[in-house]
Amino acid sequence: MGGDDSGVASDNFDWNTEDELEIENYQSSCLTVPNGDAVTGSGDASSSAVLANSKVLDHFVGMGFSREMVSKVIQEYGEENEAKLLEELLTYTALESSPPPQTLIVTDPSSSGNAGSSWDDFSDTDIFSDEDMEKNISDSENDDTLRTLVKMGYKQEEALIAIERLGPNSSLDELVDFIGVAQIAKAEDALLPPEEKLQYNGYAKSNKRRFYECEVLGRKKPRGCEKKIINDDDEEALHLPNPMIGFGVPTESNFITLRRLPEDAIGPPYFYYENVALAPKGVWQTISRFLYDVEPEFVDSKFFCAAARKRGYIHNLPIQNRFPLLPLPPRTIHEAFPLTRKWWPSWDPRTKLNCLQTCIGSAKLTERIRKAVENYEGDPPDHAQKYVLDQCRKWNLVWVGRNKVAPLEPDEVETLLGFPRNHTRGGGISRTDRYKSLGNSFQIDTVAYHLSVLKEMYPNGINLLSLFSGIGGAEVALHRLGIPLKNVVSVEKSEVNRNIVRSWWEQTNQKGHLYDMEDVRELDADRLEQLMNTFGGFDLIVGGSPCNNLAGSNRVSRDGLEGKESSLFFDYFRILDLVKNMMSKCR
DNA sequence: TCGATTATGATTAACAGG
DNA sequence: CCTGTTAATCATAATCGA
C-alpha cells in the first residue's frame with residue numbers, strides 16, 4: 001500500500017500542493033497569443049514590397065502576425081535574428097491590444113499567502129484529482145500570453161522561447177509545461193535534493209492526468225499497473241523496459257499486450273513518431289505529453305537484426321496481429337557476416353553489434369588494436385583484451401583478418417538496417433554522407449513490424465505524410481510490407497537524402513505521387529489544406545525528429561529538446577495536430 | 001570547397017556488491 | 001537501501017589534402 005515514505009505532509013514542503021494549485025489556476029483560463037484577428041493589417045503592402053519574398057516574413061505571418069507589422073519589424077532589425085524579431089513582434093502586439101482586465105488570480109510562487117481557500121484539500125486528493133476540470137472556462141481571449149507568463153513569474157526570455165517553440169496557438173498550460181521542463185533541464189541540483197526535484201518535475205508534468213493503461217494477458221504482468229494508479233507518482237511511469245521489447249517483438253513474444261489509448265490520441269490519422277530511447281532525463285515525458293499522453297514503446301532493434309538500436313516510438317496504431325517482414329534478417333554477427341567467423345577471437349564474446357552511428361572508427365584506431373594483439377602467441381593478456389573489446393564495442397568493429405579489425409562498409413550498414421543494397425549509393429552522395437544518412441535512419445524490420453497492422457486496413461494503399469524522411473525509412477518499410485503508396489508528402493532538409501528517396505521511388509515503379517518538400521517549418525495550415533484537398537487527408541503521419549541534441553554521442557550540444565535541431569519535434573507535433581484537427585472537422 | 005580523417009567525454013541506466 | 005562499476009550512445013568540430 002502506498003504509504004512508503006511519502007510522509008503525511010507534516011512538515012513536508014508543499015511543492016505539490018502549491019504547484020497543483022497554480023496549475024489549476026493557470027489552466028482555468030485558456031489564453032492565446034493575439035493572432036488571427038491581428039491579421040487584418042489594413043492591406044497596406046507599401047512597406048512590405050521589398051520583403052515580399054522573405055521566408056522569415058512568411059514564417060511570422062504564418063504565426064498570425066500581420067504582414068504589415070512583421071515587415072516593419074524586419075526592416076528595423078533585419079531578418080537574421082528570429083528570436084529578436086519575435087520578441088519585438090510580441091511587444092508590439094502587446095502594446096496594440098488594450099490591456100485586458102486581469103481576470104486571473106495569479107498566486108506568487110514564493111508566497112503561500114492565499115493558498116487557503118478552496119484548494120487546501122488538494123494534498124489529500126491530489127492523487128485522485130482526475131476531475132480534469134472543464135478547462136477553458138473563463139476563456140478570456142484577449143489576454144496576452146506573454147504578459148501572463150511574465151506575471152506568473154517566468155522570465156520573459158523563457159516565455160518567449162516557449163511561445164516560439166510551441167507556436168502562438170498553444171494553450172497556456174502547454175507553455176507552462178514547456179517552461180517547467182526547460183527550467184528543470186537547466187536547473188542545477190544544488191538546491192534540490194533528489195526527491196523534491198522529482199516532485200518539482202512532477203509539477204511540470206500534467207494536470208490532465210496521464211492515463212496509461214496496459215494489461216497483459218498470459219504470463220507476466222507488468223508490475224504495478226493498478227498499483228501505479230493508486231500509488232501514482234507520475235515519475236516512474238516512464239521506465240525503459242528490460243528487455244527492451246516494447247509491446248512485443250516477433251522473436252520473444254509469448255504474451256500479448258493490450259493497451260487503451262487516451263481519447264485524444266485516437267485517429268485518424270494514424271501517427272508514428274520515433275527518436276532515441278536514451279535521451280536526457282525528462283525528454284520522453286515531454287514528448288509523450290505533447291503526443292496526447294501516449295505511452296512510448298521502447299524497442300531495441302537487436303531483436304530484429306544483428307545490431308542494437310534502442311529507440312522510442314510513440315504511435316496510435318493497433319498493436320495486435322503484427323507480423324514481421326520476410327525473410328527474417330540474420331540476427332547475429334556471424335550470420336550477417338559469415339566471413340568474420342574465421343578471424344573472430346574466442347575471447348570476443350560479441351554476438352550483436354552496437355548501435356550503428358553516423359561516424360566510423362578511424363584507421364589509426366584499427367592500427368592501435370592490431371599492435372595491441374599481434375605480439376602474443378596465444379590469447380592476449382587481460383588488459384589488452386579489455387582495451388580491444390572496449391574499442392570494438394565503442395566503434396562497432398568486426399574481425400576481417402588475423403589481428404585485424406575494421407569498421408563496417410556502407411553497404412553492410414544498409415543491409416543491417418534493412419534497406420535494399422546500394423540504396424544510398426551513387427547519385428552524388430559521398431561516402432561520409434552515406435554513413436551519416438544511414439546512421440540517422442530507421443531500422444526497417446523494426447518499423448515495418450509496427451506498421452504491419454496497416455496492411456489489412458488499407459488494401460488499396462495509403463496517403464502518407466513523412467516528416468524528416470531522411471533516406472525514406474518509412475516509405476521503404478511500407479513498400480516492403482506490400483502497402484501501396486498512393487500519395488506521399490515527404491519533407492526532408494538534406495538534398496542528397498531527397499535525391500535518394502526520389503531515386504528509390506522511381507526504381508521501384510511506384511504508382512502513386514511523391515511530393516518533395518524541404519523544411520517542416522514551411523508546412524503550414526494553408527499548405528496542408530492545399531495538399532489535403534488534392535487527395536483528401538492523410539492516413540499516416542510518420543516522423544523521427546532530429547536526435548542531434550538528444551543523442552549520447554554528442555559531446556558538444558546535447559541540449560535536450562530545446563536544442564537547435566531537436567526542437568523541431570515541436571513542428572512534428574504542430575503539423576500532426578493541424579492535420580488531426582482538419583481531419584476531425586471534415587468528418 | 002569538398003570529402004576524408006581524426007580526436008573529442010558526459011549522461012544515464014543497469015548492474016554488482018555491500 | 002546504499003555506493004561504486006560497467007556499459008552504451010541516430011555526433012561535432014577541427015584539420016588536412018586534393
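Residue numbering restarts at 1 for every chain, and letters A, B, ... go by the order of the sequence lines. Atom set for the values below is all heavy atoms of this structure, side chains included, hydrogens, waters and symmetry mates excluded.
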*Asks:* If we take the C1' atom in both dT8(B) and dT9(C), what is their distance in whole Å?
*Replies:* 15 Å

*Asks:* Please report the distance, rounded to the nearest Å, between CZ in F298(A) and C1' in dA8(C).
*Replies:* 16 Å

*Asks:* Indicate whether the side chain of S490(A) and that of Y515(A) have a donor and an acceptor atom separated by less than 3.5 Å.
*Replies:*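 No, no side-chain donor-acceptor pair sits under 3.5 Å.
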
*Asks:* Counting only heavy atoms not in K404(A), do more than 12 fall under 6.0 Å of its NZ?
*Replies:* no

*Asks:* On DNA chain C, check which nucleotide each of K386(A) and C547(A) is closest to and give me the residue with the more 5' one.
*Replies:* K386(A)

*Asks:* What is the distance, rounded to the nearest whole Å, between atom NZ of K364(A) and atom P of dT15(C)?
*Replies:* 17 Å

*Asks:* Between dT9(C) atom C1' and W284(A) atom CH2, what is the distance in whole Å?
*Replies:* 15 Å

*Asks:* Kindly say whether N549(A) contributes a backbone atom to a donor-acceptor pair with the side chain of D559(A) at under 3.5 angstrom?
*Replies:*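 Checked: no pair found.
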
*Asks:* Base, sugar-phosphate alone, or nothing: which one does N242(A) contact when heavy atoms must sit under 4.0 Å apart?
*Replies:* sugar-phosphate

*Asks:* More than 12 heavy atoms of other residues, nucleotides or ligands under 6.0 Å from CZ of R402(A): yes or no?
*Replies:*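 12 or below, so no.
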
*Asks:* Is K371(A) salt-bridged to E367(A), going by a charged N under 4.0 Å from an acidic O?
*Replies:* yes

*Asks:* At under 4.0 Å, does any side-chain N or O of N354(A) touch on OP1 or OP2 of dA7(C)?
*Replies:*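 No, because none of the side-chain N or O atoms of N354(A) sits under 4.0 Å from OP1 or OP2 of dA7(C).
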
*Asks:* Of all nucleotides in DNA chain B that come within under 4.0 Å of a heavy atom of chain A, which is furthest toward the 5' end and which toward the 3' end?
*Replies:* dG3(B) to dC15(B)

*Asks:* Taking E492(A) first and then R502(A), would you say they form a salt bridge - that is, a charged N and a carboxylate O separated by under 4.0 Å?
*Replies:* no

*Asks:* Check the phosphate of dA11(C) against S553(A), side-chain N and O only, distance under 4.0 Å to OP1 or OP2. Yes or no?
*Replies:* yes

*Asks:* Under 4.0 Å between a Lys/Arg side-chain N and an Asp/Glu carboxylate O for D433(A) and K436(A)?
*Replies:* no

*Asks:* If the cut-off is 4.0 Å, is Q357(A) near the phosphate of dA11(C), judged by side-chain N/O to OP1 or OP2?
*Replies:* yes

*Asks:* When you compare dG9(B) with dT6(C), how far apart are their C1' atoms, in angstrom units rounded to a whole number?
*Replies:*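 Each nucleotide's C1' atom is 16 Å from the other's.
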
*Asks:* In whole angstrom, give the distance that lies between atom CG of D300(A) and atom C1' of dC10(C).
*Replies:*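 Distance check: D300(A) CG to dC10(C) C1' gives 13 Å.
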
*Asks:* In terms of side-chain geometry, is the basic nitrogen of R521(A) or D571(A) positioned less than 4.0 Å from the acidic oxygen of its partner?
*Replies:* no

*Asks:* Starting at CZ of R311(A) and ending at P of dA8(C), how long is that distance when rounded to a whole Å?
*Replies:* 15 Å

*Asks:* Measure from NZ on K394(A) to P on dT6(C) and round the result to the nearest Å.
*Replies:*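 It is 15 Å, rounded to the nearest whole Å.
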
*Asks:* Between D390(A) and K394(A), is there a side-chain N and carboxylate O pair less than 4.0 Å apart?
*Replies:*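 No, no charged N to carboxylate O under 4.0 Å.
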
*Asks:* Can you measure L416(A) atom CG to dC10(C) atom P for me and round it to whole angstrom units?
*Replies:*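 Computing the L416(A):CG to dC10(C):P distance gives 16 Å.
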
*Asks:* Just call it for T432(A): base, sugar-phosphate, or nothing, with non-hydrogen atoms closer than 4.0 Å on any strand.
*Replies:* base

*Asks:* Could you tell me whether S301(A) contacts a base, only the sugar-phosphate backbone, or nothing, with contacts defined as non-hydrogen atoms closer than 4.0 Å?
*Replies:* nothing

*Asks:* Starting at the 5' end of DNA chain B, which residue's closest nucleotide do you reach first, R558(A) or I429(A)?
*Replies:*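 The residue closer to the strand's 5' end, by nearest nucleotide, is I429(A).
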
*Asks:* May I ask you to say what K436(A) touches in the nucleic acid, namely base, sugar-phosphate or nothing, with a heavy-atom cut-off under 4.0 Å?
*Replies:*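 Nothing, no heavy atom under 4.0 Å.
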
*Asks:* Starting at the 5' end of DNA chain B and moving along, which residue's nearest nucleotide shows up first, C359(A) or A551(A)?
*Replies:* C359(A)

*Asks:* With a 4.0 Å cut-off, would you call E412(A) and R434(A) a salt bridge?
*Replies:*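 Here E412(A) does not pair with R434(A) in a salt bridge, since their nearest N and O are not under 4.0 Å apart.
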
*Asks:* Which part of the nucleic acid does L240(A) contact within heavy-atom distance under 4.0 Å: base, sugar-phosphate only, or nothing?
*Replies:* sugar-phosphate

*Asks:* Can you list the residues that meet the salt bridge (Lys or Arg N to Asp or Glu O under 4.0 Å) rule with R480(A), with sequence neighbours excluded?
*Replies:* none

*Asks:* If you look at every strand shown and take non-hydrogen atoms under 4.0 Å, does R309(A) touch a base, only sugar-phosphate, or nothing?
*Replies:*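 Base contact.
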
*Asks:* Between dA8(C), dT12(C), dA11(C), which nucleotide has the shortest distance from any of its atoms to the side chain of S557(A)?
*Replies:*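 Of all the options, the side chain of S557(A) is nearest to dT12(C).
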
*Asks:* Calculate the interatomic distance between N548(A) atom CG and dA13(C) atom P; express it in whole Å.
*Replies:* 10 Å

*Asks:* Name the nucleic acid region contacted by R368(A), choosing base, sugar-phosphate or nothing; use a 4.0 angstrom heavy-atom cut-off, strictly under.
*Replies:* sugar-phosphate

*Asks:* State the dot-bracket string of DNA chain B. Criteria: Watson-Crick or G-U wobble, both atom distances under 3.5 angstrom; notation: ( ) intrastrand, [ ] crossing earlier pairs, | interstrand, . unpaired.
*Replies:* ||||||||.|||||||||

